[in-house]
Amino acid sequence: MTQPTKSDVLARLKELQAGDVPVTGGRTLAYVYDSGLEEADRVGREAVAAYAGSNGLDPTAFPSLLTMENELVGFAASLLDGPATTVGTVTSGGTESVLLAVQGARDSRPDVEHPRMVLPVTAHAAFHKAAHYFGVEPVMVGVDEEFRARPEAMAAAIDEQTVLVVASAPSYAHGVVDPVTEIAAAAAARGVRCHVDACIGGWVLPYSARLGRPVRPWTFAVEGVTSISVDLHKYAYAPKGTSILLHRTPALRRPQFFASAQWPGYTMLNPTMQSTKSGGPLAGAWAVVNTIGDDGYLALTEKVLDGVDRLVEGIGRIDGLRVVVRPESTLVAFATDDSCDVFTITDAMTRAGWYVQPQLSFEGGRPTIHLSLSAATADHVEEFLEALGAAVRDAAAQGPIAIDPGIVEFVQALDAATLSDDDFDGLLAAVGMAGGDDGSPGAGLPESMAEINALLDLAAPDLREALLSAFLDRLQRPAR
Ligand SMILES: *Cc1c(COP(=O)(O)O)cnc(C)c1O
């Protein structure tokens with residue numbers, strides 16, 4: 001094999017990337033967050049590149065990373081009403097911030113043999129991952145008809161084993177802010193930590209409040225809030241790979257630090273899960289936050305929230321659609337009536353060049369479509385609504401996806417725990433998820449997702465998990 005030239009490699013990279021959803025342009029309404037500011041994007045990318053080889057493992061060797069981290073944490077602490085005692089850490093993302101909040105809470109209570117955490121059912125799946133990793137039992141509490149945590153029920157669920165109580169600001173699936181004041185008070189009354197997951201809303205809600213919009217209290221201004229997670233790679237519009245975990249005091253953070261001198265090498269000392277850690281994301285975030293700045297975020301928030309208003313109003317005017325709850329930030333969830341299926345709409349939007357995210361039905365609710373609006377999308381809301389209107393008319397003309405009653409019964413009777421690898425191969429083939437393996441970009445990915453989603457929607461949560469894990473397992477095979 002001849003060695004490819006640098007331009008061959010870059011050309012191949014470009015070709016591969018062309019198969020992905022675009023990260024700029026405002027037409028991708030999940031996974032990416034686009035300020036629409038070319039300058040900020042460019043500065044962020046240059047900073048990532050400049051620091052790609054730097055190692056955050058040792059702040060004494062890379063003091064610039066420590067400076068940038070302290071400045072970012074300072075910015076976030078001010079934004080979120082942190083008292084003078086506030087400390088924080090930059091992590092690799094929202095999930096790592098959540099994992100560390102749970103791990104720190106668990107390890108702050110070595111006296112508790114079977115630790116538990118109280119979660120509204122709307123809490124992000126990252127808490128279930130933390131539960132799984134750290135052996136903390138999640139105690140799930142139902143929400144009200146607008147999908148907000150019910151504080152009395154949360155309070156009643158706290159017991160002697162509870163090491164953490166969680167609230168969202170806002171929740172990912174519905175975009176509403178939990179009643180943090182009451183939840184944090186209940187936690188504080190029992191001497192329990194209270195984490196507010198503001199991964200997605202933490203950089204929006206303070207500016208929304210400053211713009212005079214109603215925002216229920218949720219920051220460190222609320223007594224009893226002990227930690228907050230806020231992602232920089234969401235609404236701080238930073239390149240991927242950064243979030244911040246803030247604690248009200250250094251003592252609350254202490255169990256998060258891991259040190260080991262139990263080997264002959266350097267004394268390992270890590271405030272996060274990573275040890276060697278690229279300086280790229282941190283530098284990228286620092287550069288973007290400094291380029292956009294406080295006034296810039298205020299303007300971006302005004303722009304995106306204005307877009308949300310127009311979007312919500314426009315969805316309300318489309319026959320067959322209904323916004324499930326009035327959004328409190330940049331996240332919108334909507335459902336259909338019986339005339340059509342969200343899954344058909346999702347596919348039609350993909351074909352029209354818009355990425356929207358289906359959310360499967362949960363605890364008796366209907367499936368929905370999730371939109372994370374970016375500032376860059378605000379310029380295209382009318383265009384989006386036109387495409388959505390057309391997709392809904394198409395979907396209604398097709399009618400809801402009809403699945404053979406025999407298959408419905410079969411899927412609902414499957415027990416994920418008893419399925420073998422062969423069973424999964426058969427199932428994946430039957431639902432069109434078996435895929436090919438010709439090595440081209442996107443090989444193995446189904447063309448249309450509507451029928452697959454409609455089938456998954458029938459499956460119980462544990463079967464969804466098992467089927468999708470089997471699917472990913474088949475996708476992730478080495479190319480040699
Ligand atoms: C995105 C998100 C997370 C997880 O963050 P990642 O950056 O995807 O790891 C946690 N909580 C909420 C509310 C989120 O929106």
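Counting convention: from 1, in listed order, for ligands and their atoms alike.
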Taking atom CD as the centre, does Glu46 end up with more than 12 heavy-atom neighbours from other residues, nucleotides or ligands that are less than 6.0 angstrom away?
yes
Show me the pairs that pass side chain to side chain donor-acceptor pair (under 3.5 Å) and involve residues 131-141, at least two apart or across chains.
Arg116-Glu137
Thr89 and Gln256: CA distance, side-chain angles, deciding distance, side chain to side chain contact (heavy atoms under 4.5 Å, CB included) verdict:
CA-CA 10 Å; Thr89 313; Gln256 177 192 317; 3.1 Å; yes
Please list all pairs meeting ring-ring contact (aromatic ring centres under 6.0 Å, His included) that have one or both residues in residues 174-201, counting only residues at least two apart or in different chains.
Phe147-His174
Could you state the interatomic distance from CG (Leu252) to CZ (Arg193), rounded to the nearest 0.5 Å?
4.5 Å
Residue and atom name of the nearest protein heavy atom (relative to atom 5 (O) of ligand 1), distance in Å to one decimal
Gly94 CA, 3.1 Å
Under 4.0 Å from ligand 1, counting heavy atoms only, is it the side chain of Cys199, its backbone, both or neither?
side chain
At a 4.0 Å threshold, what atoms of ligand 1 neighbour a non-hydrogen atom of Asp231?
1 (C), 5 (O), 7 (O)
Protein residue, atom and distance nearest to atom 13 (C) of ligand 1, heavy-atom basis
Asp197 OD2, 3.3 Å
Report yes if Ser171 has an N/O atom closer than 3.5 Å to an N/O atom of ligand 1; otherwise report no.
no
Consider ligand 1: state whether an atom of it lies below 4.0 angstrom from any non-hydrogen atom of Glu96.
no
Could you list the atoms of ligand 1 found under 4.0 angstrom from a heavy atom of His233?
7 (O)
Do other residues, nucleotides or ligands put more than 12 heavy atoms under 6.0 Å from the CD atom of Glu223?
no
Contact region, Lys234 to ligand 1, non-hydrogen atoms below 4.0 Å, reads side chain
To which protein heavy atom is atom 9 (O) of ligand 1 closest, and what is the distance rounded to 0.1 Å?
Thr95 OG1, 2.6 Å
Please state whether the rings of Tyr237 and Tyr297 are parallel, tilted or perpendicular, taking 30° and 60° as the class boundaries.
parallel
